[in-house]
> 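For reference, the structure I am asking about is given below.
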Amino acid sequence: MGMKASPSSARRGFGALSRVIGAGVVSVVGAALLVSVPADAAASTLAAAAQQSGRYFGAAIAAGKLGDSQYTTIANREFDMITAENEMKINATEPNQNQFNFSSGDRIYNWAVQNGKRVRGHTLAWHSQQPGWMEAMSGNSLRQAMINHINGVMNHYKGKIYAWDVVNEAFADGNSGGRRDSNLQRTGNDWIEVAFRTARAADPSAKLCYNDYNIDNWSWAKTQGVYNMVRDFKQRGVPIDCVGLQSHFNGNSPYNSNYRTTIQSFAALGVDVQITELDIQGGSATTYANVVNDCLAVPRCTGITVWGVRDSDSWLGANTSPLLFDGNGNKKAAYTSVLNALNAASPNPTPTVTPTVTPPPGDGGQIRGVASGRCVDVPNSTTTDGTQLQLWDCHSGSNQQWTYTSAQEFRVLGNKCLDAAGTGNGAKVQIYSCWGGDNQKWRINSDNSIVNVQSGLCLDAANSGTGNGTLLQTYSCWGGNNQKWTRSGS
């Protein structure tokens with residue numbers, strides 16, 4: 001997210017900030033937007049309404065506006081998650097190499113926590129808003145400077161930040177689906193992975209997010225490029241906890257009805273989805289409600305942040321009318337539509353999980369190893385929790401009949417689940433009473449691998465064994481036939 005004063009004309013398809021608003025985002029105000037909710041169920045602020053379904057509703061805050069009483073009154077009343085608009089970016093926190101300055105970032109953080117709010121960190125590694133010393137660097141020296149910066153900032157805020165946008169806007173616009181050319185990218189294609197691994201080591205308690213714009217439309221190549229990266233990270237155990245959809249909607253990058261598909265698809269990889277920088281040129285109440293309802297429909301969409309408080313605070317300019325409050329601090333129709341949508345949400349939304357591959361029909365089926373031709377088997381049909389699974393000659397017994405559920409569980413012998421006993425290579429795969437944890441959720445992929453949602457590792461026949469009694473484990477996915485499985489009806 002660029003600074004308000006100098007947004008790039010190429011960013012997010014605005015083109016000179018795209019003063020002409022597309023029909024898809026024209027403000028619509030009508031009675032149909034007002035959702036009737038019981039008086040005793042309706043919260044009166046955005047944060048309180050979001051909390052009813054276990055989510056947050058936040059805003060980007062600028063340190064220079066904390067002296068504006070109207071601004072802080074609205075922000076304190078309505079929002080429970082705060083993002084520093086520019087004060088935690090690279091040029092603000094490390095203006096000179098190895099000389100960190102957290103004065104402005106701390107001002108935002110302290111205001112937030114003193115008012116009972118959580119903080120999202122934004123952002124650690126980015127091609128933009130780098131200080132001059134970093135812009136002039138390349139190669140190994142730049143790679144090390146990135147690592148040092150991540151460590152320096154995260155150590156300062158260790159244990160205090162809910163989630164960090166570890167890497168920001170690393171993918172190219174257009175139809176390539178590939179990486180953006182930048183000084184960081186030219187240090188090597190593994191730079192994003194290195195950033196996430198560095199961040200996990202620096203502060204294990206913070207959620208680690210990849211954040212980008214124009215990844216809202218599921219059909220776009222850029223969205224697919226980010227999706228493929230996140231899927232790869234999860235499969236290989238690279239630490240990533242969330243994806244941030246900036247969701248700057250405008251005439252050239254409008255809201256699309258497949259937005260919910262995008263949220264669901266990322267969530268199905270085993271990461272949270274956070275809408276991190278929401279603004280809608282024209283301030284359409286209908287579009288705002290649609291965005292909120294799409295988030296509410298996916299349990300792993302954990303919160304929404306609007307990028308600014310009043311229209312006059314927006315980086316886009318007040319005349320684009322992109323936010324929920326006008327320049328005088330008045331609630332707009334978009335505010336009402338968002339509040340009503342949040343209040344209409346179920347307090348305990350029913351999870352809707354879309355498996356990577358739809359399981360075949362039938363009450364149960366065998367899981368047969370491609371390399372061995374033998375089946376995933378519960379030894380002696382035991383129901384003892386912690387029993388490690390094995391390969392065995394296929395037969396029609398109930399200890400080889402696995403039912404794949406809409407919750408991504410493989411169930412056997414009633415209420416026993418295929419369970420990963422750990423997250424590292426060699427963790428045993430066992431049966432255990434079903435309880436809904438991510439270590440009991442599995443993705444069936446089109447390459448015939450079965451991947452554990454928690455660890456991102458593959459179901460694996462140990463030591464590439466093919467004989468009766470070969471034990472099963474999780475292991476880094478590598479494409480071998482001992483990690484490929486087919487399913488058949490009972």
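Because only heavy atoms are used, hydrogens play no part in the values below, and waters and symmetry mates are left out as well, while side chains stay in. Throughout, residue positions are numbered sequentially from 1 according to the sequence presented.
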> Do the ring centers of Trp315 and His248 come within less than 6.0 Å of each other?
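Yes: the rings meet the under 6.0 Å criterion.
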
> Determine, for Tyr162 and Arg118, whether the Lys NZ or Arg CZ falls below 6.0 Å from the six-membered ring centre while staying within 45 degrees of the axis.
yes

> Using a 4.5 Å cut-off on heavy atoms from C-beta on, say whether the side chain of Thr405 contacts that of Lys441.
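No. Closest side-chain heavy atoms not under 4.5 Å.
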
> Could you tell me which residues satisfy ring-ring contact (aromatic ring centres under 6.0 Å, His included) with Phe325, sequence neighbours excluded, listed by chain and number?
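Only Tyr335 meet the ring-ring contact (aromatic ring centres under 6.0 Å, His included) criterion with Phe325.
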
> Does Asn96, at its CG atom, have more than 12 non-hydrogen atoms belonging to other residues, nucleotides or ligands within less than 6.0 Å?
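Yes, CG of Asn96 has more than 12 neighbouring heavy atoms, counting only those of other groups under 6.0 Å.
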
> Could you go through the side-chain hydrogen bond (donor to acceptor under 3.5 Å, both in side chains) check for Ser247 and Asp216 one step at a time?
CA-CA 6 Å; Ser247 300; Asp216 314 288; 2.8 Å; yes

> Among side-chain atoms of Asn189 and Gln185, is any donor-acceptor pair under 3.5 angstrom?
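Yes.
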
> Could you check if a side-chain atom of Phe266 sits within less than 4.5 angstrom of a side-chain atom of Val298, using non-hydrogen atoms only?
no

> For Asp241, check salt bridge (charged side-chain N to carboxylate O under 4.0 Å, His left out) against everything at least two apart and list the hits.
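Salt bridge (charged side-chain N to carboxylate O under 4.0 Å, His left out) list for Asp241, sorted by chain: Arg200.
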
> Run the side-chain hydrogen bond (donor to acceptor under 3.5 Å, both in side chains) check on Ser321 and Lys332 step by step: do they pass?
CA-CA 10 Å; Ser321 189; Lys332 296 163 56 177; 2.9 Å; yes

> Consider side chain to side chain donor-acceptor pair (under 3.5 Å). Of Gln130, Glu135, His127, which one does Asn183 pass it with?
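Of the listed options, the one satisfying the test is Gln130.
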
> Could you tell me whether Lys222 sits above the aromatic face of Tyr213, with NZ or CZ closer than 6.0 angstrom to the six-membered ring centre and within 45 degrees of the axis?
yes

> Angle class for the Phe102/His156 ring planes (parallel below 30°, perpendicular above 60°, tilted otherwise)?
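Correct class here is parallel.
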
